[in-house]
Amino acid sequence: MVLQESGEMYLETILVLSRKSHFVRAIDIGEEMGFSRPSVSRAVHLLEEGGFICIDPAGGITLTDAGLEVAEKIYERHTVLSQWLISLGVDEETAVEDACKIEHDISDKSFAAIKKHISG
């Protein structure tokens, strides 16, 4: 299953929430992302079908190995790109917003080059 940008955003959000609390629910995801219950329910269902998340009987959502791999990749891109833009003089709010847009579209090759350039 090829993930759309929205699927990547959900996985990244689940990763961030799971670092704050070991029990992540669909309602937590909706609150964090500002999405409606039906939207979150549909996305969670698709992510479960795709093998990116597991949902336990109590409604707890965890990332599978495949989901964790995608989430960590997107989160690293978000963090590195945000910090890079800030270091270039972009204000934090704009940097974070722009990083969120770039992180889903940038190629692995270009991202690796940016990371290499940053680390000197």
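We're numbering straight along the sequence, starting at 1.
Within the 4.5 Å cutoff, no side-chain heavy atoms of Val24 are placed close to those of Thr62. Between Phe35 and Ser6, every side-chain heavy-atom pair lies at or beyond the 4.5 Å cut-off. The side-chain heavy atoms of His78 and Cys100, taken from C-beta on, include a pair separated by under 4.5 Å. Side-chain contact check for Lys20 versus Glu32: some heavy-atom pair is nearer than 4.5 Å.
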Candidate pair Phe52 and Leu46, rule side chain to side chain contact (heavy atoms under 4.5 Å, CB included), full reasoning: CA-CA 9 Å; Phe52 295 101; Leu46 290 172; over 6 Å; no

Test side chain to side chain contact (heavy atoms under 4.5 Å, CB included) applied to Ile14 and Ile53, step by step: CA-CA 9 Å; Ile14 294 166; Ile53 63 170; 3.9 Å; yes

From CA spacing to verdict: side chain to side chain contact (heavy atoms under 4.5 Å, CB included), Glu93, Glu97: CA-CA 6 Å; Glu93 183 179 344; Glu97 287 176 14; 3.5 Å; yes

Side chain to side chain contact (heavy atoms under 4.5 Å, CB included) assessment of Ile29 paired with Leu17: CA-CA 8 Å; Ile29 298 166; Leu17 290 172; 4.0 Å; yes

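Gln83 contributes atom CD, which lies 12.0 Å from atom CG of Leu88 (distance to the nearest 0.5 angstrom). To the nearest 0.5 Å, the span separating CD1 on Ile74 from NE2 on His104 amounts to 5.5 Å. We find the CG-OG distance between Leu63 and Ser18 to be 6.0 Å, quoted to the nearest 0.5 Å. Atom CE of Met33 is separated from atom CD of Glu12 by 8.5 Å, given to the nearest 0.5 angstrom. The distance from atom CG of Leu85 to atom CD1 of Ile102, rounded to the nearest 0.5 Å, is 5.5 Å. To the nearest 0.5 angstrom, Leu47 atom CG is 6.5 Å from Leu3 atom CG.
Residue pairs that meet the salt bridge (charged side-chain N to carboxylate O under 4.0 Å, His left out) test with at least one member in residues 50-70, sequence neighbours left out, do not exist here. Listed by first then second residue, pairs satisfying salt bridge (charged side-chain N to carboxylate O under 4.0 Å, His left out) with a partner in residues 77-87 read Arg77-Asp108, not counting sequence neighbours.
Remark: the backbone N or O of Trp84 is paired with a side-chain donor or acceptor of Ser87 at under 3.5 angstrom. Looking at Asp28, its side chain does come within 3.5 Å of a backbone N or O of Arg25 through a donor-acceptor pair.
Note on Val70: it clusters hydrophobically with Val40, by side-chain heavy-atom contacts below 4.5 Å among ILVMFWY residues. Side-chain heavy atoms closer than 4.5 Å link hydrophobic residues (I, L, V, M, F, W, Y) into clusters, and following such links, even through other members, never connects Ile86 to Ile106. Put simply, Tyr75 and Val96 are part of two different groups of oily side chains (I, L, V, M, F, W, Y) that touch within less than 4.5 Å, one to the next. Residue Ile114 is grouped with residue Val90 when hydrophobic side chains (ILVMFWY) are merged at heavy-atom distances under 4.5 angstrom, including chains of intermediate members.
For Thr79 and Ser82, the side-chain atoms include no donor-acceptor pair closer than 3.5 Å.
Closest approach of Gly59 and Phe23 over heavy atoms only: C-CZ, 4.2 Å. What you find for Ala71 and Leu11 is that their closest heavy atoms are CB-O, 3.4 Å.
Environment of CZ in Arg19: crowded, with over 12 heavy atoms of neighbouring residues, nucleotides or ligands closer than 6.0 Å. By the 6.0 Å contact criterion, CD on Glu5 is enclosed, its count of non-hydrogen atoms from other residues, nucleotides or ligands being greater than 12.
A salt bridge between Glu76 and Lys115 is present, with a side-chain N of the basic residue lying under 4.0 Å from a carboxylate O of the acidic one.
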